[in-house]
Amino acid sequence: ETEGKLKSKRDTPEQRGVKWLQFSLGAYDVALCTYSMFDKTKFRRESYDKFAAKHIGDEADIYEKIRQAEKAGKSTQKLIAQKEVLDSKISSMLLPPKNRRIFDKGVTWESIGVDLLMVDEAQNYKNLFMPKTDFTAPPKFLGVGKPSKGSFNLDIRCQLVRELAQRKYKGNNIFLLSATPAKNSPMEFYNLIQYMDPNIFRRYGIRTSGDFFQKFLEIENDVFYTSTMNVQEYPQVKQFKNLDEFREILNRYANFQVLETITEKYPEIADKMQVPIPEPKRVEIEASEKQMELISDILERMQLDPDDKE
């Protein structure tokens, strides 16, 4: 007990291995896992090789570049070295830190036999692919960041669940739940849909995150004001394009619901749902003399008239 709160003991690798074995034998139908559980269970080498091929071959296009170089009689030494660097990065993304690299005993993810995976708060896994652009720095307002260890660990396990579910049920059985699936950019949807089925966008001729970026996002160099009001020129996402086509793809694989549509479909739960009603209030605060000086300075740098109320 800590400060009046009960804290359960963490399972040992042996205890987790026993629970996973019981799950695989049918003693349990459902297992609830925290975000940190995934990298505690090993997977087989052939699963890693297939996963790495997807990231190296499809996203980085290394294998195709090697084939083209060999066909042209050019040296492939640099490309092979680049492949090895990527392979090492992928491996490090999937493994836990060395100080806690102790895996569940006696099981692999494949031997457990997970044939359905439902992920809550799926927006936490949006950083799977970062598209390559012609700019030296990643554009601002792209909506996604550098690939994360959590996203990679979810992705390889989704790959294995899809393979098993396809054999058993002819479906992928990956379901993502989120109240905020995308707040900034269509790129977030691209990455989330990869977990459900990486072939979805390929059917529309979009093979990589770079292809998606080129088709649906427009980037320009523009002035950017830093937090210290220094002016920098930086590539930024200026607008989205081909949105009708994007929505058509998205609506085939995503189901968007709000409170009204849920209670209309399931009236028996309407009275049980306690949703607070917002009461908007406007509070006007008069700026101090110092604040007005700062505002005027910012507007002057932005070449705006401080007396222009529009």
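The basis for the numbers below is simple: all heavy atoms, side chains too, and nothing from hydrogens, waters or symmetry mates. Nothing here was measured: the structure is a model prediction, and the numbers come from that model.
Between the side chain of R16 and the backbone N or O of D11 there is at least one donor-acceptor pair closer than 3.5 Å.
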Inset, instruction - Any chance you could lay out the ring pair (Phe, Tyr, Trp, His ring centres under 6.0 Å) test for F246 and F216, step after step, and finish with the verdict? - result: CA-CA 8 Å; F246 171 70; F216 296 112; 5.5 Å; yes

Legend entry - Stepwise ring pair (Phe, Tyr, Trp, His ring centres under 6.0 Å) check, F213 with Y190: CA-CA 9 Å; F213 165 85; Y190 174 83; over 10 Å; no

Inset, instruction - Kindly indicate, with the supporting measurements, whether the criterion side-chain contact (heavy atoms from CB on, under 4.5 Å) is fulfilled by Q236 and I219. - result: CA-CA 5 Å; Q236 302 177 35; I219 310 294; 5.9 Å; no

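F152 and H55 have tilted rings, their planes meeting at an angle from 30° to 60° on a 0 to 90° scale. The aromatic rings of Y125 and Y35 sit perpendicular, their planes meeting at an angle over 60°, well past the 30° parallel limit.
To the nearest 0.5 Å, the span separating CG on L128 from OG on S148 amounts to 8.0 Å. A distance of 9.5 Å separates CE of M130 from CG of N191, quoted to the nearest 0.5 Å. I193 contributes atom CD1, which lies 8.0 Å from atom CD1 of I249 (distance to the nearest 0.5 angstrom). Atom CZ of F212 is separated from atom CE of M187 by 6.0 Å, given to the nearest 0.5 angstrom.
Side-chain contact between W109 and F38 is present, with at least one heavy-atom pair separated by less than 4.5 Å. Side-chain contact between F141 and S185: absent, with no pair of heavy atoms (C-beta onward) separated by less than 4.5 Å.
Looking at R162 and D197, no side-chain N of the basic residue comes within less than 4.0 Å of a carboxylate O on the acidic one, giving no salt bridge.
Nearest heavy-atom pair across T76 and E70 is CG2-CG, 3.6 Å.
A donor and an acceptor atom, one from each side chain of T41 and D104, are located under 3.5 Å apart. Y169 and D115 share a donor-acceptor pair across their side chains, judged by distance under 3.5 Å alone.
Applying the salt bridge (Lys or Arg N to Asp or Glu O under 4.0 Å) test to residues at least two apart or on different chains, none of the pairs has a partner in residues 75-91.
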